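What follows is a short report on a single structure.
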Protein chains: 2
Amino acid sequence: MAEGHGSASGGENLLFLTDEQLRKGIEAMFFAYRGFTADPDRILEDHAYGRAHHRALHFINRTHGTTVNNLLALLGVTKQSLNRVLRTLIEDGLVESRVGRTDRRERNLYLTPKGEALERALSEAQRERMRAAYRAAGPQAVAGFRQVLEAMMDDDIRRQYLGLRDRRP
Amino acid sequence: MAEGHGSASGGENLLFLTDEQLRKGIEAMFFAYRGFTADPDRILEDHAYGRAHHRALHFINRTHGTTVNNLLALLGVTKQSLNRVLRTLIEDGLVESRVGRTDRRERNLYLTPKGEALERALSEAQRERMRAAYRAAGPQAVAGFRQVLEAMMDDDIRRQYLGLRDRRP
DNA sequence: TTGGAATGTCAACAAGGCTGACTTAAAATG
DNA sequence: CATTTTAAGTCAGCCTTGTTGACATTCCAA
């Protein structure tokens with residue numbers, strides 16, 4: 001069923017499409033993701049938070065004043081699931097929820113200084129590993145890395161990903 | 001704290017090490033991993049299995065006759081957690097557990113034909129997405145993708161990853 | 001023969017997903 | 001203005017998958 005896809009039957013070099021190559025790629029994703037989350041996870045433990053809190057902090061920092069609905073779409077979870085996380089972050093004073101100015105049904109989410117501090121610590125740990133990996137692999141490899149990851153996303157997610165802009169305070 | 005790392009202060013082009021570039025890489029990992037697991041997840045739903053079952057099937061298929069301890073190290077979970085998954089797979093006739101020949105304390109794990117069928121279906125769905133992504137990005141990008149992912153792994157995991165050999169039946 | 005390793009199992013717990021039902025407030029629409 | 005729709009929040013309950021801790025069994029090896 002799966003055989004023959006990556007055979008070198010064509011004129012071009014398609015060895016990188018071998019099932020074995022694809023399997024190695026799959027395993028690389030699995031193992032690399034473990035490393036990717038390992039450092040922030042250690043920090044989160046000390047605060048009795050989990051990965052879900054990290055993700056919320058990351059995207060609230062990324063898109064200042066975003067609404068809950070917006071965040072739901074980015075994270076791909078239900079509002080009940082997000083709400084549980086968001087509530088603790090608000091109670092603990094890491095996130096501020098302000099009533100929307102134009103549409104008062106909406107809530108705009110912001111990090112407090114305390115929230116920014118934790119986000120920075122988590123992000124810095126994660127970026128440090130990325131930085132080391134990027135440096136080890138070099139700029140050309142990094143470009144390829146990003147290309148493959150983008151091609152791997154679902155279409156609607158890719159649009160959201162590409163739309164994320166760096167905040168300028 | 002994190003600022004200035006990727007500044008273009010050196011003579012070389014280090015723009016790919018900007019904090020903003022690193023953040024995009026982090027988000028790319030997050031979103032791509034969602035796509036990466038989406039297709040197998042849909043198949044697993046129909047069988048009332050979860051991702052944990054997929055991972056077990058994958059690595060048992062990959063390393064025929066592996067022991068439980070070996071599998072634990074690969075998966076990075078506790079034996080209690082793996083055991084729960086393994087038990088259902090054995091009960092359902094997807095995995096066979098044979099007493100070790102040289103060391104009778106060990107159990108060697110094998111996929112049954114039924115187990116191989118499910119593994120193939122899951123793997124094929126996942127490989128199809130990888131194949132599309134690889135094809136879209138091209139061989140050079142794929143090489144870079146693998147380089148960065150390898151550099152992102154923990155050292156001991158990278159050794160295990162590199163040690164995984166394709167099975168030849 | 002005894003210590004320790006490999007495995008398996010039980011119980012209890014937590015995080016973080018999910019669905020479904022329901023409320024409140026406010027906007028949008030007829 | 002009345003109605004419908006939307007955004008958000010909440011409660012209850014369920015599932016998967018991870019965790020500890022305790023304990024039994026088997027059996028290799030010193």
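Quick note: numbers below take in every heavy atom, side chains included, and nothing from hydrogens, waters or symmetry partners. Computed from a predicted structure; not experimentally measured. Protein chains get the first letters and strands the later ones, always in sequence-line order, with residue 1 at the start of each.
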OP1 or OP2 of D:dG18 under 4.0 Å from side-chain N/O of B:T78: no
Whole angstrom value for the distance that separates P of D:dC28 from CZ of B:R101: 15 Å
Residues A:R127, A:E124: salt bridge by 4.0 Å N-O rule: yes
A:H54 NE2 - C:dA15 P separation (whole Å): 18 Å
Divergence of helical axes at both termini of the helix from C:dT1-D:dA30 to C:dG30-D:dC1 - five pairs an end, 10° steps: 20°
B:T66 side chain to B:I60 backbone, donor-acceptor under 3.5 Å: no
Under 3.5 Å: donor-acceptor pair, side chain of B:E96, backbone of B:I90: no
Sugar-phosphate or base contact per nucleotide [nucleotides 7-17 of chain D; S, B, -; heavy atom under 4.0 Å]: SBBBB-----B
A:I26 vs B:F36 side-chain heavy atoms within contact, under 4.5 Å: yes
Qualifying side-chain hydrogen bond (donor to acceptor under 3.5 Å, both in side chains) pairs, either residue in residues 149-159 of chain A, two or more places apart: A:D154-B:R129, A:D155-A:R158
Polar side-chain atom of A:K79 near backbone of A:V68 as donor-acceptor pair, under 3.5 Å: no
Presence of salt bridge, A:E128 and A:R131, under 4.0 angstrom: yes
Qualifying residue, where the test is salt bridge (Lys or Arg N to Asp or Glu O under 4.0 Å) with B:E27 and the options are A:R55, A:R62, A:R146: A:R62
